Amino acid sequence: MITTEFAPGSPCWLDLGTPDVRAAAAFYGAVLGWDFESMGTEGDVEGGMFRKDGKVAAGLGTLTEEGARSAWMIYYRVDDADAATRAVESGGGTVRVAPTDLDGWGRMAQYSDPLGGEFAVWQPGTSKGVELVDRPGSLCWTELHTSDATAAKEFYGGVFGWQFSDMEMPGGGGTYHLITPAGLPEERMHGGLMELGEEDLAPAGGHPYWHPVFAVADCDAAVAAATGNGGSVQMGPEDAEGVGRLAVCLDPWNADFVVLTPPAS
């Protein structure tokens, strides 16, 4: 369960880097019911905010890293971005964007873990993070697909102090490692990681990657909207016992995300 009471180590922000901001805004508007609010001047649409029911759900911006693929970046709350950077470096990770102040909103940094998975941290200032989570059209889970689960658990445990619990996947599908922020009960679980072979890591060129899971009222309708607006489906829609109905999708620029309709309570 993700909440807006952002405990250290919990996801608090996400944004999409894309080569076409206007088209991406239209795509996610169709799939997730988001409205786009440009942060640029008139005619200059380099980035902005996605809103759902008036609340900020995510960010959107033009790709700025040379050679970078279009992808969602997930930010985890920290009290001290500089201390997080030292922990990343100590654990063998790479600093891609050094801690940077953003006009008093907060302080951010972006990294790659030792296996290549990209993630970020947010030290809050006036902005604590997104305003809507765990509701249709918002982030409800984060997931890492990695080439070495043991190494990933060691690294992220060292950076964030995450607690892990293991769950065996049905049908011999391997072990899924559930993630809970340090010191919090399992009800505050916010994500998971699982080990996959290189062939299953294709969206990131064979490298580990994080992706967001968005709650939707109707998984099949969201998938139809994705495919009808230039996206594609990697898996599903299918029912997962105790989880809900889900599908793994790609937007038109191959940024991956999951849509999930939780089971009826």
Side-chain angles (χ1 to χ4, degrees), residues 2 6-15 17 65 67-69 71-100 106-124 129 139 141-169 173-186 188-213 255-258:
I2 296 177
F6 300 121
S10 64
C12 64
W13 180 256
L14 71 164
D15 53 37
E65 256 184 285
R69 75 180 184 98
W72 283 96
M73 180 68 65
I74 300 171
Y75 294 70
Y76 293 94
R77 156 73 191 275
V78 295
D79 292 329
D80 186 334
D82 295 279
T85 298
R86 292 191 292 272
V88 165
E89 293 177 319
S90 177
T94 302
V95 179
R96 293 175 31 255
V97 179
T100 304
R107 189 165 168 80
M108 59 79 71
Q110 295 184 356
Y111 315 109
S112 294
D113 68 29
L115 300 165
E118 297 182 356
F119 68 105
V121 298
W122 180 255
Q123 177 186 330
L139 183 71
W141 193 252
T142 65
E143 191 168 73
L144 172 66
H145 288 173
T146 183
S147 53
D148 188 333
T150 300
K153 288 167 66 177
E154 180 178 357
F155 172 77
Y156 288 101
V159 173
F160 295 118
W162 284 344
Q163 306 166 121
F164 297 96
S165 55
D166 296 345
M167 177 183 75
E168 293 305 312
M169 300 285 284
T175 303
Y176 193 83
H177 308 275
L178 298 157
I179 303 169
T180 304
L184 293 183
E186 288 193 348
R188 290 293 300 275
M189 200 176 282
H190 65 252
L193 67 86
M194 63 185 303
E195 185 173 315
L196 297 175
E198 184 176 344
E199 66 280 3
D200 296 314
L201 298 174
H207 301 293
Y209 61 94
W210 285 95
H211 61 202
V213 179
D256 55 292
F257 63 98
V258 177

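Quantities reported herein were computed from a predicted structural model and do not represent experimental measurements.
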If we only count heavy atoms from C-beta on, is the Phe257 to His211 side-chain gap below 4.5 Å?
no
Closest non-hydrogen contact found for Ile179 with Trp210 is CD1-CH2, 4.1 Å
Output the distance between atom NZ (Lys153) and atom CG (Asp166), rounded to the nearest 0.5 Å.
4.0 Å
What's the shortest heavy-atom distance between Val88 and Phe155, and which atoms?
O-CE1, 3.7 Å
Would you mind reporting whether Gln110 and Glu118 have side-chain heavy atoms less than 4.5 Å apart?
no
Rounded at 0.5 Å granularity, tell me how far CD in Glu186 sits from CD in Gln163.
8.0 Å
Side-chain heavy-atom pair Ser165, Met189 within 4.5 angstrom cut-off
yes
Expected output: side-chain Arg107 to main-chain Ala81 donor-acceptor under 3.5 Å:
no
Could you tell me whether the side chains of Thr146 and Glu195 share a donor-acceptor contact shorter than 3.5 Å?
no
Measuring from atom CH2 of Trp13 to atom CD1 of Ile74, what distance do you get when rounded to the nearest 0.5 angstrom?
13.0 Å
Determine, stepwise, if the pair Trp141 / Val258 fulfils side-chain contact (heavy atoms from CB on, under 4.5 Å).
CA-CA 9 Å; Trp141 193 252; Val258 177; over 6 Å; no
Take the angle between the ring planes of Tyr111 and Phe119 and call it parallel below 30°, perpendicular above 60°, tilted in between.
tilted
Parallel, tilted or perpendicular: which describes the rings of Trp162 and Phe160, with under 30° parallel and over 60° perpendicular?
parallel
Smallest heavy-atom separation, Ala7 atom then Leu184 atom, equals CB-CD1, 3.6 Å
What are the two closest heavy atoms between Val78 and Pro124, and how far apart are they?
O-CD, 3.5 Å
What closest approach, in Å, do His190 and Gly9 show between heavy atoms, and which atom pair accounts for it?
CE1-O, 3.4 Å
Can you measure from CD1 (Ile2) to CG (Leu139) and round to the nearest 0.5 angstrom?
4.0 Å
Carefully, step by step, assess Tyr209 and His145 under the rule side-chain contact (heavy atoms from CB on, under 4.5 Å).
CA-CA 6 Å; Tyr209 61 94; His145 288 173; 3.2 Å; yes
Over all atoms of both residues, closest heavy-atom pair of Ala87 and Gly158:
CB-O, 4.3 Å
Interatomic spacing from CD in Gln123 to CG in Asp79 - rounded to 0.5 Å
7.5 Å
Intermediate values then yes/no, side-chain contact (heavy atoms from CB on, under 4.5 Å), Glu89 and Thr85
CA-CA 6 Å; Glu89 293 177 319; Thr85 298; 4.2 Å; yes
